[in-house]
Amino acid sequence: MTGAFAKQLKPFATRDIKILLLENVNQTGRDILAKQGYQVDFLKSSLGEDELIEKIRDVHVIGIRSKTKLTAQVLREAKNLIVIGCFCIGTNQVDLNYAAQHGIAVFNSPFSNSRSVAELVIGEIISLARQLGDRSNEMHRGTWNKVSSKCWEIRGKTLGIIGYGHIGSQLSVLAEAMGMSVIYYDTVNLMALGIAKQVPTLEALLTGADFVTCHVPELPETMKMIGPEQFRLMKDGSYLINASRGSVVDIPALIDAMRSNKIAGAALDVYPAEPGGNGDYFLNDLNPWAEDLRSLKNIILTPHIGGSTEEAQSAIGIEVSEALVRYVNEGTTLGSVNMPEVNLRSLTVEEPNHVRVVYVHHNVPGVLRKVNEILGDHNVDKQTTDSRGEVAYLMADISNVNTHEIKDLYESLERLSSRIMTRVLY
Ligand SMILES: NC(=O)c1ccc[n+]([C@@H]2O[C@H](COP(=O)([O-])OP(=O)(O)OC[C@H]3O[C@@H](n4cnc5c(N)ncnc54)[C@H](O)[C@@H]3O)[C@@H](O)[C@H]2O)c1
Ligand SMILES: O=C(O)[C@H](O)COP(=O)(O)O
């Protein structure tokens with residue numbers, strides 16, 4: 001697969017680059033991309049598969065958030081696509097492997113919304129402990145219901161964090177500052193912040209925590225990792241929070257655990273199926289147990305707003321757009337989640353007869369020799385290469401290339417059996 005502008009083999013011009021931004025990507029990001037002169041098409045919501053396939057066909061870049069599913073089936077139709085920007089943390093909505101195998105780099109923003117999620121969870125811990133959602137709903141309905149029974153301070157309680165990454169560790173610091181004890185479970189051995197303690201098993205976490213909060217990525221291993229058996233292990237009257245991915249918690253099991261008063265409250269920000277945009281939406285349409293969930297007491301249901309703050313969205317807009325610009329204009333893969341990270345000096349100085357070659361290829365023996373046979377007819381100023389699994393990425397800056405030689409150079413690389421994608425930037 002090759003970017004159309006590479007195929008045309010004319011001098012690289014940013015105005016040739018077509019970008020589709022979905023899911024209300026922040027203005028900061030839109031401004032950076034528009035300033036480059038790219039053609040930017042912007043939509044507030046996500047798109048269903050058929051419409052997405054229609055729209056993705058001729059774009060070079062797509063920017064999405066957590067709702068847009070870039071499956072192999074969709075990407076197969078994206079003949080000109082060279083890069084995907086996930087303007088969020090999660091990348092589970094993209095078939096990363098398929099993308100890499102077809103030379104499409106994927107970038108995200110690994111921690112720009114972590115603090116926002118951690119703060120939301122802190123708010124939820126207090127809200128659940130004090131049954132704030134129920135009291136507020138009652139007042140909205142005109143009912144004064146002053147109770148202290150089963151309402152608690154969070155000071156001295158234990159927070160159990162599943163997944164001690166960017167969000168989990170940030171949350172750990174905030175929770176300790178409010179007087180909570182923190183235990184965490186992670187598949188990786190990680191340095192504890194403050195006086196938090198890593199526990200060796202999920203069971204140890206579930207049996208020891210008053211509040212359990214999930215901050216793991218969506219993976220086969222995390223699918224329904226909190227189900228009937230895990231609720232059984234949790235303390236009587238404990239609380240569950242999930243602001244990670246909807247697949248992590250078995251919701252019918254949560255409903256049972258809350259109906260039996262085993263679990264005293266829950267906060268859910270994410271769901272197994274979520275709509276593509278805002279509007280009237282009944283969870284029922286997508287999730288059959290929605291009515292049961294809504295009828296429970298002391299449950300906070302939010303529409304996937306963990307990362308939805310002005311600060312986070314603005315920072316993500318800048319971070320991901322800048323990565324896209326570097327990749328499109330210069331081929332730099334620094335920060336990519338599915339490609340080897342390769343970088344060469346910035347292409348800022350006008351250098352006559354200079355071209356930059358980007359050659360994405362299958363990671364098989366003998367490629368460099370063949371590539372260098374082709375590049376060797378010219379003066380290779382600098383070259384770098386790296387591999388990640390089955391995909392390798394080579395960048396070379398070459399001088400003394402006459403304009404009439406560029407087509408030959410490009411076509412010779414394209415003919416190699418190892419080729420995934422060739423770009424020649426000049
Ligand atoms: N609700 C929101 O708006 C929102 C916002 C940001 C992120 N998220 C979700 O939160 C997730 C976590 O974000 P993060 O930035 O902290 O990710 P991270 O990658 O920094 O941390 C995830 C941690 O989970 C651990 N982990 C992986 N599998 C595990 C398992 N089976 N058991 C225990 N631990 C496991 C990892 O080792 C890692 O330390 C993201 O993947 C994303 O899906 C949601
Ligand atoms: O992965 C993420 O960063 C969060 O789930 C937030 O996703 P969003 O940008 O679609 O709100």
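Order of appearance sets the numbers: ligands from 1, and atoms from 1 within every ligand. Everything quoted here is computed from the prediction, not taken from an experiment. For the single chain, residues carry numbers from 1 onward in sequence order.
When only non-hydrogen protein atoms are considered, atom 17 (O) of ligand 1 lies nearest to H166 N, 4.5 Å. For atom 11 (C) of ligand 1, the nearest protein heavy atom (residue, atom name, distance) is V216 O, 3.6 Å. Looking at atom 21 (O) of ligand 1, its nearest protein heavy atom turns out to be G165 CA, 3.2 Å. Counting protein heavy atoms only, atom 11 (O) of ligand 2 is closest to R65 NH2, 3.1 Å. Ranking the protein heavy atoms by distance from atom 27 (C) of ligand 1 puts P217 CD, 3.6 Å first. Looking only at heavy atoms of the protein, atom 39 (O) of ligand 1 is closest to D186 OD2, 2.6 Å. With respect to atom 10 (O) of ligand 2, the closest heavy atom belonging to the protein is S66 OG, 2.5 Å. Among protein heavy atoms, atom 2 (C) of ligand 2 sits closest to I89 N, 3.3 Å. The protein heavy atom nearest to atom 6 (C) of ligand 2 is H304 NE2, 3.6 Å.
In the model, S114 has no side-chain atom that pairs as donor or acceptor with a side-chain atom of Q170 under 3.5 Å. Between the side chains of N26 and Q313, no donor N or O sits under 3.5 Å from an acceptor N or O. A side-chain N or O of Y164 and one of S172 form a donor-acceptor pair less than 3.5 Å apart. Defined by atom type and a distance below 3.5 Å, a donor-acceptor pair is present between the side-chain atoms of H215 and T213.
Ion pairing between D397 and R356 holds under the 4.0 Å rule for side-chain N and carboxylate O. In summary, D41 and K18 do not engage in a salt bridge, as defined by a charged side-chain N under 4.0 Å from a carboxylate O. Between E119 and R115 there is a salt bridge, since a side-chain N of the basic residue sits under 4.0 Å from a carboxylate O of the acidic one. E291 has a carboxylate O that lies under 4.0 Å from a charged side-chain N of R294, or vice versa, which qualifies the two as a salt bridge.
Contacts of I316 with ligand 2, taken as heavy-atom pairs under 4.0 Å, are absent altogether. Within the 4.0 Å heavy-atom criterion, the part of T222 lying near ligand 1 is the side chain and not the backbone. Contacts of N113 with ligand 1, taken as heavy-atom pairs under 4.0 Å, involve the side chain alone. If you look at L202 next to ligand 1, there are no close heavy atoms at all, none under 4.0 Å. Of all the heavy atoms of T187, the ones lying under 4.0 Å from any atom of ligand 1 are found in both the backbone and the side chain. At a heavy-atom cutoff of 4.0 Å, ligand 1 is contacted by the side chain of D269 but not by its backbone. Contacts between R245 and ligand 1 below 4.0 angstrom, taking non-hydrogen atoms only, involve the side chain exclusively. Contacts of I167 with ligand 1, taken as heavy-atom pairs under 4.0 Å, involve both backbone and side chain.
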So Q36 and T14, side-chain hydrogen bond (donor to acceptor under 3.5 Å, both in side chains) or not? Walk me through it. CA-CA 6 Å; Q36 287 293 317; T14 52; 5.4 Å; no
Residue pair D95, K69: steps toward the salt bridge (charged side-chain N to carboxylate O under 4.0 Å, His left out) verdict: CA-CA 8 Å; D95 190 329; K69 305 261 177 287; over 6 Å; no
Could you walk me through whether T143 and N145 pass the side-chain hydrogen bond (donor to acceptor under 3.5 Å, both in side chains) check? CA-CA 6 Å; T143 305; N145 183 25; over 6 Å; no
Residues F107, Y327; criterion ring pair (Phe, Tyr, Trp, His ring centres under 6.0 Å); working and verdict: CA-CA 10 Å; F107 293 88; Y327 185 76; 5.8 Å; yes
Walk me through it: do E414 and T422 pass the test side-chain hydrogen bond (donor to acceptor under 3.5 Å, both in side chains)? CA-CA 6 Å; E414 281 283 280; T422 312; 2.7 Å; yes
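For ligand 1, the atoms lying closer than 4.0 Å to a non-hydrogen atom of S244 are 9 (C), 10 (O), 43 (O), 44 (C). Of all atoms in ligand 1, numbered sequentially from 1 with element shown, those under 4.0 Å from a heavy atom of H215 are 12 (C), 22 (C), 23 (C), 24 (O). Near L190, meaning under 4.0 Å from any of its heavy atoms, are these atoms of ligand 1: 39 (O). Distances below 4.0 Å separate heavy atoms of I89 from the following atoms of ligand 1: 6 (C), 7 (C), 15 (O). Each of the atoms 1 (O), 2 (C), 4 (C), 5 (O) of ligand 2 lies under 4.0 Å from some heavy atom of R245. Near V117, meaning under 4.0 Å from any of its heavy atoms, are these atoms of ligand 1: 4 (C), 5 (C), 6 (C). Ligand 2 places these atoms under 4.0 Å from at least one heavy atom of C88: 1 (O), 2 (C), 3 (O), 7 (O), 9 (O). When each atom of ligand 1 is checked for a heavy atom of V188 under 4.0 Å away, the hits are 37 (O).
Of the possible polar contacts, none joining the R135 side chain to the V147 backbone as a donor-acceptor pair under 3.5 Å is found. S336 places a side-chain N or O within 3.5 Å of a backbone atom of V106 that can act as its donor or acceptor partner. Of the possible donor and acceptor atoms, one in the side chain of Y359 sits under 3.5 Å from a partner among the backbone N and O of R419. For Q39 (side chain) and R15 (main-chain N/O), a donor-acceptor pair under 3.5 Å exists by modelled atom type.
F111 and H166 have tilted rings, their planes meeting at an angle from 30° to 60° on a 0 to 90° scale. In this structure, Y239 and F211 have parallel ring planes: the angle between them is below the 30° cut-off, well short of the 60° mark.
Put simply, atom 19 (O) of ligand 1 has no protein non-hydrogen atoms near it, under 4.0 Å away. For atom 37 (O) of ligand 1, the nearest protein heavy atom lies under 4.0 Å away.
Backbone and side-chain nitrogen or oxygen atoms of I305 are examined, and none is located within less than 3.5 angstrom of a nitrogen or oxygen of ligand 1.
Assignment of G90 to the shell around ligand 2 is supported, since a heavy atom sits closer than 4.0 Å. Residue contacts with ligand 1 include H304, since one or more of its heavy atoms lies under 4.0 Å from the ligand. Every heavy atom of L120 sits 4.0 Å or more from the atoms of ligand 1.
The closest heavy-atom contact to atom 28 (N) of ligand 1, among the options L219, L205, V121, comes from L219. For atom 8 (N) of ligand 1, the candidate residues are A243, G90, G306; the nearest heavy-atom contact is made by A243.
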